[in-house]
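Heads up: the structure comes next, in structure tokens.
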Amino acid sequence: MNTPTHYPSLFSPFRLGARTLRNRIVHASMNTHMAVETRVTTRLIDYHAARARGGAALIVTEPISMARHQNVSYRARGWNDDNLDGLKRWADAVESEDCRLLGQIQDPGRGRHNTGIGAHALGASALPDDLSWTVPHALSASEIRSMIEDFAASSARLERCGFSGVEISGGHGHLFHQFLSPWSNERTDDYGGDWEGRTRFLRELITAIRAACGRDFLLGLKLPGNDWVPGGIGPAEAAIVASRLTRSGEVDYVCFAQGTHGLALERHLPDSHAPALPYLGLERDLRASLNGVPLVALGKITEPAEAESIIASGDAELVALGRPILADAAWPLKASQGRTRDIRYCVFCNICWDTINTHLKPIACINNPRVAEPDEADWRPAPAATKRRVIVIGAGVAGLEAAWVAAARGHHVTVFGRSAEAGGKTRLHARLPGGETLGNIYGYQLDAARRAGVRFELGVDASAADVIALEPQVVILAAGSRMLRPHGNWGQVRILSSGSKFGPDPEFPWPDLRNAMRDILEKPERRDGTAIIFDMDHTEATYASAELLRTLFERVIVITPREYIAQKTALVTRQAITRRFHEKRIEVIALAEPRWSESSAEKLVYANVYSGERSVIPNVGFVAYSTPRVPEDGLAAPLRAAGIEVHLVGDCALPRGVLAATGEGHAAGNAV
Ligand SMILES: Cc1cc2nc3c(=O)[nH]c(=O)nc-3n(C[C@H](O)[C@H](O)[C@H](O)COP(=O)(O)O)c2cc1C
């Protein structure tokens, strides 16, 4: 990287321990789910190499299995020589880019995401995990000591393989945190009882790693900042822990994690509803307890200007990026060149967390369709061999992604969009509470499309004849999907396939939620009565709509036939939605569905899905349904019949979310 003229503090070198970092940017540990059957894979290496090439000065890996009881298949094994070659290739790929690679030491202890008994859980005491109620085996003192030996020996193995250091994950409610917290540690032996006892496990581990590895080897520590558990580790306790663990001078840096395994799990990933830099104030306070050890600021640092101001003002020595450097591997490189508009910014949707934890798949990002591709960092489209006339139908994020990529490859691209503004349903979501960051997705796409010379025909509902008349060689159909109209007087809601448009319909006067919210947003003013959403959707936009309605209506009720809401969102997202619903007093009626034919403009009748028992909500001011969707793919057949090559992408191929839309749009733009 050349000497930067942009963000001079952020791009100033820093002496960390015995090493010099080229700038102040750290990649925070993130589980990628890219190891396979405990093996280091090419994909895992490519993911990290892209971020080293993209300019990070130090990368903390996901947890590596460093003690012999750790055998999860999606974690690379580092406690024996199985992976020596893979670990070496991993270290070499990153270190050769002038980026230091640190392996993370972590054990979840009793922490599990799903209710039930987690097998083989270990812990400080035999007390249930607050989220899953898993009761761990309480480690004996000799088991603790042999675990420390394993962690130290594995750290030395990583050093031999070329890693620059390790980070101990002591927060997030995992094993070490469970020892630190009086809430989960009721031991009466040397590893419990008081702060001296509760910090002993980590102090002995730090000393053992220092003894096993060379003085140049970096040792970082992630500690709890505030776990939000009464009787746990709040800011005052975090300061005591940090002070005791940094006193010996053996640790090279500290960063702080928030939340724990419980109702506060979501705090470790502040989402799009959280303010900017939500933890900086707390980190500033905790810094005083670090005995001069460098602080790595962490948590929703989105833009280079924020990172620069943290370093320039002396709030921290380094900044760590988790989700933002997933969204754009070249975030540091682009920032150093002043190309901030070229950065694909994280929108803090936490789909990445959903991908690995709910779906157990390799990490993915809704604003980065190229995660872990070998050419990911600062990727530019390759010119197409033959330039073609391409029409994209639909100006949502699937269509826009296809359009800019195809045009940047040299094709002549025209986009038709039904609305006057591009962005599709994502633009609507962006106007709802917590959705604002979504504008970064289509904002980037529109900039890139304009630069590549895409022609836009917005506010046009193009017919097959209109399209055929333009003689395209390829059509990318990205026209989205529409919600189906509910109907029914029976035990289960039936859906009519005729679709819906907002407007009076004598048979069914209630609108779908999207059209209803567009209407509300035209005139967002106080209204009378109760607002009701019938929810067979379970994605975030439905709940963001409820939150907006709550600012306008005295009472808002979400009715769903399921046992609970938000089933298509990540656990952390669902926790946050549920928390806000309680804070804002948005009501949920579960296991219920409206009896539309018994309802009227003023009252909604609903029935329990099991018993059929009726209830009535009087004084209704707003009702809308949010239901399963069908593709708007009607143009595909006539266009194909006319001999045109047609690609269907996003909801138009199969209604899903933004992750599929950007991914498929990107692939289509590259394929034509
Ligand atoms: C998908 C995902 C996986 C994560 N996995 C880990 C992990 O394995 N170890 C860890 O210490 N932190 C993990 N984290 C937390 C991040 O290191 C970081 O603390 C958090 O994302 C907040 O930083 P950010 O706002 O820059 O994303 C993970 C975060 C995400 C989004």
Side-chain angles (χ1 to χ4, degrees), residues 30-31 33 111-115 130-132 172-173 228 257-276 278-279 299-300 302 322-324 326-327 345-361 363-368 397 425-426 428-441 513 533 535-550 556 558 560 562-584 586 588 590 626 655-662:
M30 277 185 298
N31 185 358
H33 254 273
R112 299 286 184 279
H113 291 145
N114 300 317
T115 308
D130 296 314
L131 197 58
S132 64
H172 288 308
W228 301 83
Q258 319 300 330
T260 185
H261 265 261
L263 288 182
L265 184 73
E266 114 242 6
R267 306 272 185 191
H268 82 291
L269 295 174
D271 69 12
S272 56
H273 293 257
Y279 301 130
K300 211 178 173 193
T302 315
R323 294 162 294 174
L326 166 67
Y345 287 104
C346 174
V347 300
F348 300 100
C349 62
N350 286 338
I351 297 285
C352 49
W353 196 91
D354 196 36
T355 316
I356 57 165
N357 287 303
T358 313
H359 305 288
L360 307 179
K361 289 202 172 138
I363 201 163
C365 174
I366 67 172
N367 204 15
N368 179 0
V397 294
K425 71 173 189 293
T426 307
L428 175 63
H429 191 170
R431 296 177 69 193
L432 301 174
E436 302 80 358
T437 52
L438 291 169
N440 286 329
I441 301 178
L513 187 60
I533 297 174
D535 175 20
M536 287 175 69
D537 171 59
H538 283 233
T539 71
E540 269 197 278
T542 292
Y543 310 110
S545 302
E547 288 187 47
L548 179 75
L549 292 170
R550 186 65 187 85
V556 175
V558 173
T560 182
R562 290 283 192 258
E563 307 89 326
Y564 57 91
I565 58 166
Q567 295 194 10
K568 282 201 228 151
T569 68
L571 170 63
V572 285
T573 306
R574 191 158 64 243
Q575 278 189 329
I577 291 169
T578 310
R579 179 187 304 280
R580 288 194 302 275
F581 265 37
H582 280 270
E583 287 166 357
K584 296 180 176 181
I586 297 170
V588 173
S626 187
R656 287 148 300 159
V658 181
L659 181 64
T662 48

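Residue indices begin at 1 and follow the sequence shown.
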Look up atom [atom1] in [X] and atom [atom2] in [Y], then write down how far apart they are to the nearest 0.5 Å.
| X | Y | atom1 | atom2 | answer |
| --- | --- | --- | --- | --- |
| L326 | N368 | CG | CG | 6.5 Å |
| T578 | E583 | OG1 | CD | 11.0 Å |
| Y543 | D537 | OH | CG | 6.5 Å |
| N31 | T355 | CG | OG1 | 11.0 Å |
| T539 | K568 | OG1 | NZ | 6.5 Å |
| I363 | R323 | CD1 | CZ | 10.5 Å |

[X] side chain near [Y] side chain, heavy-atom distance below 4.5 Å:
| X | Y | result |
| --- | --- | --- |
| S132 | N114 | no |
| V572 | H268 | yes |
| H429 | E540 | yes |

Does one side chain, of R580 or H273, offer a donor that lies under 3.5 Å from an acceptor on the other?
-> yes
Side-chain donor-acceptor pair present, T560, H538, cut-off under 3.5 Å = yes
L571 vs L131, side chain to side chain contact (heavy atoms under 4.5 Å, CB included): CA-CA, chis, key distance, verdict | CA-CA 11 Å; L571 170 63; L131 197 58; 3.9 Å; yes
For the backbone of [Y] and the side chain of [X], can you confirm whether one donor and one acceptor N or O come within less than 3.5 Å of each other?
| X | Y | answer |
| --- | --- | --- |
| Q575 | G262 | yes |
| S272 | G434 | yes |
| N357 | A570 | no |
| R579 | L263 | yes |

Which heavy-atom pair separates [X] from [Y] by the least distance, and what is that distance?
| X | Y | answer |
| --- | --- | --- |
| A576 | D271 | CB-OD2, 3.7 Å |
| K300 | P275 | CD-O, 3.6 Å |
| P278 | G299 | CD-O, 3.7 Å |
| C349 | T573 | O-OG1, 3.9 Å |
| L269 | N350 | O-ND2, 3.2 Å |
| C346 | T302 | O-CG2, 4.2 Å |

Under 6.0 Å from the NE2 atom of H582, do we count more than 12 heavy atoms belonging to anything else shown?
-> no
Flag if over 12 foreign heavy atoms under 6.0 Å of CG, L659 | yes
Go through R267 and Y279 one step at a time and tell me if the side chain to side chain contact (heavy atoms under 4.5 Å, CB included) criterion holds.
-> CA-CA 10 Å; R267 306 272 185 191; Y279 301 130; 3.7 Å; yes
Can you list the residues that meet the salt bridge (Lys or Arg N to Asp or Glu O under 4.0 Å) rule with K584, with sequence neighbours excluded?
-> E547
Passes side chain to side chain contact (heavy atoms under 4.5 Å, CB included), V347 versus I366? Steps please.
-> CA-CA 8 Å; V347 300; I366 67 172; 3.7 Å; yes
H261/H113 under side chain to side chain contact (heavy atoms under 4.5 Å, CB included): CA gap, chis, key distance, verdict = CA-CA 8 Å; H261 265 261; H113 291 145; 3.6 Å; yes
